[in-house]
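Step one of this worksheet: look at the structure below.
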Number of protein chains: 2
Amino acid sequence: MTGAPTRWGRMLEEAGIRTTSQRLLVLDGLGRHRLPVSAQQIHAELHEQGERVGLTTVYRTLTSLAAAGLVHTFTQAGEIVYRLCGPAKHHHLICRSCGLVIERVEEEAMAGFRAEEVYGTCATCAGTS
Amino acid sequence: MTGAPTRWGRMLEEAGIRTTSQRLLVLDGLGRHRLPVSAQQIHAELHEQGERVGLTTVYRTLTSLAAAGLVHTFTQAGEIVYRLCGPAKHHHLICRSCGLVIERVEEEAMAGFRAEEVYGTCATCAGTS
DNA sequence: CAATGAAACGATAATGGATTTCATTGCTGT
DNA sequence: ACAGCAATGAAATCCATTATCGTTTCATTG
Ligand SMILES: [Zn+2]
Ligand SMILES: [Zn+2]
Ligand SMILES: [Zn+2]
Ligand SMILES: [Zn+2]
């Protein structure tokens, strides 16, 4: 794991997570998606791609990435999905219909309530009624 | 199941759901909570109370109540929770910390996004930081 | 009041996502 | 090279939810 200070490697390093080939693969898998994805999906894609990473390791990696704040997690149809988000502090608008996630930087307070995740319908999907 | 046109009985009738003793018990269990509760919790409480309602029936009842729009469902810690809500069209502010649910009637649109459920931190819990 | 059939019930089994266990493997520093 | 510790992954387990399927309830009909 020495040499090439790749984007993912730097990310892990800064988060205090030791770099391993499996973790790089998981990050790589995550990075290919704009929409949040499940651990199982990441695992399946890596497998298709010929990479052998245990499902357990995928779960563990995603959990520690989430704990470090590098990825954010949501719940969709009863399962946990993960998304590689930007570094700026933000909250989320998540479309229940198409899965789109919008990162929102502006503080959003309604009735003293601090919003963290807003589930609803995006403008596009609302038009498609 | 004849006679007494109770609050729950009327509710079921209006929703086109046949009234049964089990369904009344489930509604009664729900009605005792302001915070959303899980099917298992309802079932456990009914059991403690000496009532014998099958867990399957509790699940089925809650599902049909939700389909009829009488109860709204949320996800907390990986499980589905149910809440008897008011009749007015509304969306929800749900505190991740204390579970409080605020019914919001005002239309809330941010960037063309129609909010349905807003998860975050309520004013009280935000103060307790 | 007995017969009938549809709907509801509920014990049990099955499902499926997520976590735990534990033996093995691979770094890391001496 | 070696000890110590972290990481891995197959298998076992957990746990909420759903599916199965035989039984029960209940409104209707004759
Ligand atoms: Zn995010
Ligand atoms: Zn959408
Ligand atoms: Zn509601
Ligand atoms: Zn709160």
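The chains referred to below are lettered A, B, ... by the order of the sequence lines, with proteins before strands, and numbering in each begins at 1.
- Distance, A:Q41 CD to C:dG17 P: 12 Å, rounded to whole Å.
- Using a 4.5 Å heavy-atom threshold, the side chains of A:Y82 and A:F74 count as separate.
- The interatomic distance linking B:Q76 (CD) with D:dT17 (P) rounds to 12 Å, in whole Å.
- Looking at the side chain of A:Q22, the nearest of the listed nucleotides D:dG9, C:dA18, D:dA16 is D:dG9.
- Under the 30°/60° scheme for interplanar angles, the aromatic rings of A:H43 and A:H47 are found to be tilted.
- For the segment residues 42-59 of chain A, residues with any heavy atom less than 4.0 angstrom from an atom of DNA chain C are, sorted by number, A:T56, A:Y59.
- To the nearest 0.5 Å, atoms CZ (A:R114) and SG (B:C122) are separated by 10.0 Å.
- Crowding of B:R34 atom CZ: a count of heavy atoms from other residues, nucleotides or ligands under 6.0 Å not exceeding 12.
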### Message
Working note: B:M11 + B:R23, criterion side chain to side chain contact (heavy atoms under 4.5 Å, CB included); need CA distance, chi angles, decisive distance, verdict.
### Response
CA-CA 11 Å; B:M11 214 174 233; B:R23 287 171 181 166; over 6 Å; no

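- Remark: side-chain polar atoms of B:E103 are paired, donor with acceptor, to backbone N or O of B:G86 under 3.5 angstrom.
- Judged by Watson-Crick or G-U wobble contacts below 3.5 Å, the nucleotide D:dT20 has C:dA11 as its partner.
- If you take CG of B:L25 and P of C:dA8, they are 16 Å apart, rounded to a whole angstrom.
- Residue B:Q40 contributes atom CD, which lies 16 Å from atom P of C:dG10 at whole-angstrom precision.
- Proximity of a side-chain donor or acceptor of B:T75 to a complementary backbone N or O of B:G78 within less than 3.5 Å is not detected.
- For the atom pair CH2 of B:W8 and CG of B:L25, the computed distance is 12.0 Å after rounding to the nearest 0.5 Å.
- For CZ of A:R52, the number of neighbouring non-hydrogen atoms (other residues, nucleotides, ligands) closer than 6.0 Å is 12 at most.
- A heavy atom closer than 4.0 Å to some atom of DNA chain C occurs in B:R60, these being the qualifying members of residues 60-74 of chain B.
- Of the possible donor and acceptor atoms, one in the side chain of B:T61 sits under 3.5 Å from a partner among the backbone N and O of B:T57.
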### Task
Apply the test salt bridge (Lys or Arg N to Asp or Glu O under 4.0 Å) to residues A:E108 and A:R104: give CA-CA distance (whole Å), side-chain angles for both, the deciding distance (0.1 Å), then the verdict.
CA-CA 9 Å; A:E108 207 110 53; A:R104 207 108 211 289; 2.9 Å; yes

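- Using the Watson-Crick or G-U wobble rule with both distances under 3.5 Å, D:dG30 pairs with C:dC1.
- Taking atom CZ of B:R18 as the reference point, atom P of D:dT24 lies 18 Å away to the nearest angstrom.
- Taken residue by residue, residues 26-37 of chain A places no heavy atom nearer than 4.0 Å to DNA chain C.
- At whole-Å resolution of the value, CG in B:L24 and C1' in C:dC9 are 15 Å apart.
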